[in-house]
Each structure stands twice: as structure tokens, then as C-alpha cells.
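Encoded as C-alpha cells, the structure appears first; notes follow it.
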Amino acid sequence: MKIHYEITGDITKPTLLLIHGLGWTQKIWNEVQEALKEDLQLILIDLPGHGESEATNEYDLEVIADMIHREIALIPVSNLYVAGSSLGAAVALAYGRKYNANGVILIDGGFTALNRIEGLHAEDMIYNPLPAYAFESMDAYFRFMRSDNPDLWNDYIATAVADQLFLDPKEGVYKQKASSAIQQKYLESLYYFDPLDALGRLSDTKKITVMVALHEQQQKADVEEDLLAFYNVHRNTDILYYEDTDHLIMLDKPKRFIEDVKRIIHNGKSSGIAD
């Protein structure tokens with residue numbers, strides 16, 4: 001199967017592989033790549049079944065990491081870092097464990113072992129399809145996507161949201177490029193991916209930075225236990241908190257996110273634990 005990717009930036013600089021989250025495409029990084037292309041070489045991928053990448057029969061996150069590596073292995077890279085958002089953070093961690101990456105940046109994901117949560121079972125990982133009215137037109141989809149956080153919207157986000165859809169020529173309606181069935185398979189695979197197990201097999205020399213969004217639905221007390229368990233397995237970990245920030249940190253706080261990424265890669269460290 002074919003994984004779509006794009007390369008931009010300066011080939012002589014350190015390389016950052018960017019992995020989007022569930023339902024999105026590599027265009028979610030548009031603002032980030034515009035700001036970082038002078039400082040880094042960037043590899044932006046569409047996960048299997050998303051964007052322009054083909055679907056696959058296997059959605060185990062370790063296997064997804066292998067697929068990505070096979071696709072990009074021949075690209076000349078220097079000082080590779082991997083960053084992933086949400087679901088993509090778990091894929092980034094799987095990739096960083098298995099392949100030659102100097103560090104991994106987890107963007108509000110990839111640090112919780114879902115299969116260790118008491119009372120949570122694989123069958124609880126259910127993807128809820130979006131309502132039919134959201135697909136009546138592109139404007140309808142924009143309205144639906146903006147409704148959750150109306151203030152979080154700009155041209156970069158609009159482009160990324162539009163890239164989630166395609167117009168089915170036979171039915172004449174918009175559909176998600178990542179179908180409900182594909183997104184369901186990813187959620188099931190996320191349940192079985194254990195970041196603590198991955199960390200236990202990760203070299204101590206690899207720097208992990210965990211970026212955590214704090215907002216009404218996720219307070220520091222909600223994640224401290226998971227983060228402590230993560231840190232206790234891999235002490236070469238920095239944790240950055242982003243106050244009053246949406247789950248998609250790079251969209252809500254792009255300026256700080258970009259500066260943190262530059263600092264992590266060029267200085268080999270983040271700004272520490274930020275309240």
C-alpha cells in the first residue's frame with residue numbers, strides 16, 4: 001500500500017516527521033510547516049486510510065509505524081525527530097521506539113495506557129459518526145467543525161478541515177476520506193497500544209517531550225497519574241503544560257508550539273515543566 005507524504009524545508013537541517021491525528025490529514029500542519037521550513041526539513045505524511053494514502057488491512061499502530069518507515073526510509077535525514085498529535089502521538093512513540101529517532105514529541109496523546117484503565121474495555125472504543133447534516137455541503141461541514149470552538153478558526157484550519165472530505169461523484173455528497181470503519185479500527189488499535197510497554201523498550205538516550213493541553217474537560221489532576229507513570233518508566237522525559245488550550249495544541253497555540261519545537265530540536269531540550 002502507498003503512503004502519501006510531502007517533504008519541505010531545508011535538507012541540511014534536522015528532520016522532523018509530523019504525524020496527524022484521527023480523521024485529519026497532513027494539511028493540519030500547514031501553519032507549522034510554514035513557520036519551520038527555514039529551520040528544519042519536514043516530512044508530512046497522511047496516515048493509512050487518510051488523505052491521499054491508501055487504506056490497509058492492518059491498523060495495529062506498531063505496523064503503521066513500520067509502513068511509514070518503509071515509505072520514507074530512503075529520504076536523506078539528519079538528526080531525526082518525530083512528532084504526533086493525539087492518535088498520531090501513539091504512532092510517533094511506536095516509530096521512535098523502533099527506528100533511529102533522536103527524540104519524540106507527543107502532542108496531547110500517546111501517554112495514557114488505555115488498556116490499563118480499570119473498567120475500560122476494547123468494545124468501549126466506539127467511533128461515533130458525524131451527523132448527516134454536516135455533509136450536506138462544505139459550508140455545512142465548516143459550520144459543524146466550528147461549532148465546538150468558534151474562536152478557533154483561520155484559513156489554515158479551514159484548509160485542513162476541507163482536506164478531510166471528498167465529493168463522491170456517484171452519490172453527489174461529501175464524505176470523509178477516513179471512513180467511519182477506518183476510524184473505528186484505529187480506535188481499537190489505540191486501546192491495545194501500551195505506551196508504558198513501548199517506553200520500556202525505548203533507549204534511555206531518546207528524549208521524549210509530552211505536550212499536554214489543559215482545558216475545561218482536561219485538568220492537570222486528570223492526567224498527573226498517567227504522566228507520572230510515563231515519567232517513571234522513561235526519566236528522559238519533559239512535560240509541557242499548555243493552559244486554556246484546545247486538544248489540537250498546534251492549532252490553538254501555534255506561536256508557542258513552534259518556539260517549543262525549535263528549542264527541543266536545536267537545543268536538545270524543551271523549556272521544562274511549564275504551568
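What you are looking at is a predicted structure, and each value in this text was computed from that prediction instead of being measured. In what follows, every heavy atom counts, from backbone to side chain, and hydrogens, waters and symmetry copies are set aside.
We find that Lys253 and Glu31 are not joined by a salt bridge, their nearest charged nitrogen and carboxylate oxygen being 4.0 Å or further apart. Salt-bridge formation is detected for the pair Asp197/Arg201: a Lys NZ or Arg NE/NH1/NH2 atom is positioned less than 4.0 Å from an Asp or Glu carboxylate oxygen. Under a 4.0 Å N-O distance rule, the pair Glu52/Lys2 does not qualify as a salt bridge. A salt bridge is absent between Lys37 and Asp10: the closest approach of a Lys/Arg side-chain nitrogen to an acidic carboxylate oxygen does not fall below 4.0 angstrom.
Residue pairs meeting the side-chain hydrogen bond (donor to acceptor under 3.5 Å, both in side chains) criterion with at least one partner in residues 136-156, sequence neighbours excluded, are Tyr141-Gln164.
In this view, Asp163 and Thr25, Lys177 satisfy the side-chain hydrogen bond (donor to acceptor under 3.5 Å, both in side chains) rule, not counting sequence neighbours. In this view, Tyr59 and Tyr186 satisfy the ring-ring contact (aromatic ring centres under 6.0 Å, His included) rule, not counting sequence neighbours. Scored by the side-chain hydrogen bond (donor to acceptor under 3.5 Å, both in side chains) test, Glu188 finds Gln184 as partners (sequence neighbours excluded). Partners of Glu259 under the side-chain hydrogen bond (donor to acceptor under 3.5 Å, both in side chains) rule, at least two apart in sequence or in another chain, do not exist in this structure. Evaluation of the side-chain hydrogen bond (donor to acceptor under 3.5 Å, both in side chains) rule for Asn30 yields no partner, not counting sequence neighbours.
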Apply salt bridge (Lys or Arg N to Asp or Glu O under 4.0 Å) to the pair Arg256 and Asp260, showing each step before the final yes or no. CA-CA 6 Å; Arg256 180 185 163 191; Asp260 279 336; 3.1 Å; yes
Test log, rule salt bridge (Lys or Arg N to Asp or Glu O under 4.0 Å), inputs Asp39 and Lys13: CA-CA 6 Å; Asp39 296 274; Lys13 301 291 179 63; 5.7 Å; no
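One N or O on the side chain of Ser53 and one on the backbone of His4 form a donor-acceptor pair closer than 3.5 Å.
Geometrically, Lys220 engages Tyr241 in a cation-pi contact defined by less than 6.0 Å to the ring centre and at most 45° from the axis.
Other residues, nucleotides and ligands contribute at most 12 non-hydrogen atoms within 6.0 Å of the CD atom of Glu225.
Remark: of the listed residues Val82, Asp46, Ile64, Val82 is the sole one forming a side chain to side chain contact (heavy atoms under 4.5 Å, CB included) with Ile19.
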